[in-house]
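Below, chains carry the letters A, B, ... as their sequence lines are ordered, and counting in each starts from 1.
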Protein chains: 2
Amino acid sequence: MGPVRPGPDAKAAFAPAAVEVRGGFWSTRRRVNGRTSIPQGPELLESAGNLNNLRVVAGLAQGEFQGAYPFVDSDVYKWLEAASWQLAGRTPEEDGPLAAEVERIVSLVAVAQQPDGYLNTWFQLLKGGERYQDLRWGHELYCAGHLIQAAVAHHRATGRRELLDVAVKFADHIDSVFGPPGSGKPIDGVDGHPEVETALVELYRETGERRYLDLAGYFVDRFGHGLLGGEAYCQDRVPLREATDVEGHAVRQLYLLAAATDLATENGDAELRAVTERLWAAMTAAKTHLTGGLGAHHDEEDFGDPYELPNERAYCETCAAIASIQWSWRMALLTGDTRYSDLIERTLFNGFLAGVSLDGERWLYVNPLQVRDGHTDPGGDQSARRTRWFRCACCPPNVMRLLASLEHYLASSDGSGLQIHQYVTGRYTGDLGGTPVAVSAETDYPWQGTIAFTVEETPADRPWTFSLRIPQWCGTYRVRCADTAYDETDAPVTDGWLRLERTWSPGDRVVLELSLAPRLTAADPRVDAVRGCVAIERGPLVYCLEGVDHPGGGLDDIVLDPGGPLADEHRPDLLGGVTTVTASGHRRPRTETGWWPYAPADAQAPATEPAPVELTAVPYYAWANRQDGSMRVWLPTH
Amino acid sequence: MGPVRPGPDAKAAFAPAAVEVRGGFWSTRRRVNGRTSIPQGPELLESAGNLNNLRVVAGLAQGEFQGAYPFVDSDVYKWLEAASWQLAGRTPEEDGPLAAEVERIVSLVAVAQQPDGYLNTWFQLLKGGERYQDLRWGHELYCAGHLIQAAVAHHRATGRRELLDVAVKFADHIDSVFGPPGSGKPIDGVDGHPEVETALVELYRETGERRYLDLAGYFVDRFGHGLLGGEAYCQDRVPLREATDVEGHAVRQLYLLAAATDLATENGDAELRAVTERLWAAMTAAKTHLTGGLGAHHDEEDFGDPYELPNERAYCETCAAIASIQWSWRMALLTGDTRYSDLIERTLFNGFLAGVSLDGERWLYVNPLQVRDGHTDPGGDQSARRTRWFRCACCPPNVMRLLASLEHYLASSDGSGLQIHQYVTGRYTGDLGGTPVAVSAETDYPWQGTIAFTVEETPADRPWTFSLRIPQWCGTYRVRCADTAYDETDAPVTDGWLRLERTWSPGDRVVLELSLAPRLTAADPRVDAVRGCVAIERGPLVYCLEGVDHPGGGLDDIVLDPGGPLADEHRPDLLGGVTTVTASGHRRPRTETGWWPYAPADAQAPATEPAPVELTAVPYYAWANRQDGSMRVWLPTH
């Protein structure tokens, strides 16, 4: 039982299916998350002061509020959510110390909660208990949302109610305070940072209490009416139902859209569904970086204009990648379309995974696509260097909770079959309207393109459809099953789903082979930032060059020869084991420009022979794990 | 008598020469400044609350502090400086109302000043009179600097001492408070925004009091020692003498460098001179936009990495262009090199002048080089739309003071001759060590390349050198004088100066003809933002396309054909009279990309025939004067 469990009346195409990840790429990343990142959380939250704030509020300690932002409580809740998912299905022997930590911190939260359900250490300690006076920036409902999500996770994963009781009490308090004009509730308002909305939908799903769903619906529809001052930043410029493009602060926009998708799912709200489909398409068509990263601007962490997708100033907050995955998964379940899981795959392997170091101990808040040779790093949260923890520490526990619950984003089922959205080594279990089906898979994806499935559990006498997502990047593939073989010219693929319908028997094998030949990718010419450039990709992975692999001149003058061969090689010794891609290139001779770098366009290029350089590209997710230095994803071709 | 008057012991190559602008391009811009912009100042400062703050401090009114920043007083002082320069040489009949306004506001400032010389309405009204407790952000010395500059201007322009007395009292107060450890002064510190340093040098020049020069020197050398927390933003990361590149907040960096140049000039400090030469070259070689605009980042208004010169996210604050001109002029006088006036010309005609509308009533704070067709404007100070006034209103009065004192940035003289740095219709008067020389000029520059000089005043029996700057952008020119003619193949040009040395007679004519053929300009390939693009230039002017001239499809798909002809035409009816440049181009057919804008690099382009479009370029300075819409300077060539 993971996050995003549509209720019994949901109008979704698919229900999430259970997956047990047993090995391979994501198993390794989840092991680092479970053994290093999550266990380090309490100590980091202690040293940053988050836990002590709760103790002070609870009367268990003396001290002043610590932290720079009104949302520091949410770091605790996101960590609790991550740790709860981590505990799911584990025995006390496996995760006893972690379970004890969770129990300790859940108790602290419960004791810190006010008698009427409210809890926010910033307002209680710094603002004299004043509540809901600064909805634009106060993050009180945002924090409540993360508390609720943690509580749902804790209940689903461990069966324990302590945190769920806290969440219900807080939600009832919010429901007693917020409501539309005429409802008799004291405040008609929304939080400047959407988040409580998805949480309330999940609380409805967990408790069956419809008030929470209605409250979420009320909040979603009250954005865009000037309650927050009318800024796009806070999603308040235009009502969501009238929006034609994503805008404003990226994480806020994406959390709000995830909630809208939840509401469309639970309520069968066709208008809201159309909005989410429209905005998702607008976002991916013109406001998404190749890595799946979102957010073009540093100064408001927001979306830019269409096709404004800078490289070194790509913001691409790690939290925005996570929010995109959370939203897209809801869209995948609602609509049944593969493109949502196409984007999830791209984001998982690139824009998301770059946010955590290979050792699980250091983080990136922003994820640029270029770092120049002479880069002067600003340090702090917006550093292009991996950092132990942030002043605004939203991203690290967000990464932890997604990795800990990742198995719930990989597959789905409906009455007629099982759909494989993401390829992992493990066991996929679906539900054909009460009848279980299970398929195991073995793969070294994304290093190898072969995924071998074995049917393990199936009704003996009833056909069902085994659906495999053919990734949007994949032009060449083969699939073999017991009785037949297909390739890209004749496979029964519609809308990205390769659908194999038959009566299956245990032991039946299906082998999918996706061609992972390295490829060069170009952008729509309206993406000005990458004119005259290509990117190297292989399978779902975006590649980059790092300065450390190109000594003796850096990356600023590198040119890739697009006619040259691309060769891949698996290097078990490098970066925890990666497949590199080599390409031909050269270093552009520098023209002497003196004090002014602009010259007549018809000036002759220097006669100097360019110096050939073998280019070695590594997966983007693995960058900045060896040394600080230059990096680039998009490579000039002349 | 204008700004920047090196003292009698200055080690400068040149002294500024007096110029009377009598007609032509800059005369028009200065007339709008004098008749519209400056006269509107008091009303705007009244409605924004700046003047009332002073009245409240003076006990002449009741009320609360108005304004969002601790530096709002400086808007008043910059306006006073502008108005003072405007009054220079005018009769009461010409500028009586303005003189009365200046007198009124000078009196207000004098009454508002504290008995010990201090004045800052933010700290007096909001901070309980607490002083110098927040040097990093408080802007107290910054405001004092603008007050001192206004006072020097007021004294030089009108001969009146009222404001100079206020400034001297404030400067003496500062000198009694700030000093190095061991000096007995209570505070060893600097202001987070350099500005008081140049002002103190000018106060030294005006009063002869060397303490002010020494205080300026102390301040300049105390940056970079962590007194402000060590941030590059405040110029505190590294001592200026050790710096190798410009960094941090652009205006702060440039004001500090202007002060360093002043100190090198007055003290003959060779090390400081070398620093300023080194940083100027680094800035122009890799951190200056084609327009002369400076500052790559919105979020800290700061310089980016070398060659990080974005288009739509160019910050290019108008104040940074002004600061660049102020610094470069000091460098031009100190060194005698033409390149500093090359940059001044480029900045004046482009990055600076774009900051004010043609009617003198609306302003740009940021000056992007691209606005997309689908641009969503943030509004506020950072809008790409011209705005009546800003919350942070630093730029408008800064533009006013530069335009009002512009005639002092155009020419210089030394013992051996007169140097023409900028070409205007008017009269240039130099001083050959006590002997005056004067030359008049007629020109329709920058629309026409012919400048006709007539010697008006000259010693009869003594040769001197008449030096004309051959602009860095100009590859073809001719010059004729009484007895000879030259072109670019044989002219006596060294280091950018065309030097005509002879014994002149009144009535002697010199005619310079600079070729203004439109040209295409490309950037160093390390400027990633403009790869595959060219810009149209003509003479000193950078051109741009505006959406309003290209109906039926906007600018996002425009491609310029670099092999096509460029034609120029003077359009007296357009934008107050501009020369347009037309070029051949087409609109790139759009590829259907669906939801994902990235595709294999070897994908075939669509077979659709591109639609030819005649491109009409207008001078960049004149953009956004007709309607809000798209704009671009750099144009793709494929």
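Contact annotation for A:P310: neither backbone nor side-chain heavy atoms come within less than 4.5 Å of a heavy atom of chain B. At a 4.5 Å heavy-atom cutoff, the contact between B:Q370 and chain A is made by side-chain atoms alone. For a residue to count as touching a neighbouring chain, one of its non-hydrogen atoms must lie under 4.5 Å from one of that chain's; by this rule A:D557 touches chain B with the side chain only. Both the backbone and the side chain of B:E308 come within less than 4.5 Å of a heavy atom of chain A. Only the side chain of A:R313 has a heavy atom closer than 4.5 Å to any heavy atom of chain B. Only the side chain of B:W280 has a heavy atom closer than 4.5 Å to any heavy atom of chain A. Contact annotation for B:T288: both backbone and side-chain heavy atoms come within less than 4.5 Å of a heavy atom of chain A. There is no contact between B:D245 and chain A, counting heavy-atom distances below 4.5 Å.
Taking the six-membered ring for Trp and the full ring otherwise, the centers of A:W634 and B:Y598 sit less than 6.0 Å from each other.
Here the side chains of A:C533 and B:R531 are in contact, with some heavy-atom distance below 4.5 Å. The shortest side-chain heavy-atom distance between B:Q382 and A:D299 falls under the 4.5 Å cut-off. Residues A:D528 and B:R632 are in side-chain contact: their nearest non-hydrogen atoms beyond the backbone lie under 4.5 Å apart. B:W596 places none of its side-chain heavy atoms less than 4.5 Å from the side chain of A:D342.
Among B:G532, B:P525, B:A535, the residue making the largest number of heavy-atom pairs under 4.5 Å with chain A is B:P525. Comparing B:D302, B:D524, B:V534, B:L290 by heavy-atom pairs within less than 4.5 Å of chain A, the highest count is held by B:L290. Across A:E312, A:R519, A:M283, the residue that shares the most heavy-atom pairs under 4.5 angstrom with chain B is A:E312. No other option in B:D556, B:L309, B:T376 has as many heavy-atom pairs under 4.5 Å with chain A as B:T376. The greatest number of non-hydrogen atom pairs below 4.5 Å with chain A, out of B:H298, B:R237, B:R339, B:E247, is found for B:R339.
What you find for A:Q472 and B:W595 is that their closest heavy atoms are CG-CZ2, 3.8 Å. Between A:P306 and B:G374, the shortest heavy-atom distance links the atoms CD-O, 4.0 Å. Of all heavy-atom pairs between A:G594 and B:A285, the closest is O-CB, 3.8 Å.
The backbone N or O of A:A599 lies less than 3.5 Å from no partner atom in the side chain of B:T521, so there is not a single donor-acceptor pair. Here the side chain of A:R372 pairs a donor or acceptor atom with the backbone of B:Y307 at under 3.5 angstrom.
Summarising the geometry, atom CG belonging to B:D305 is positioned 10.0 Å from atom CG belonging to A:D373; distances are rounded to the nearest 0.5 Å.
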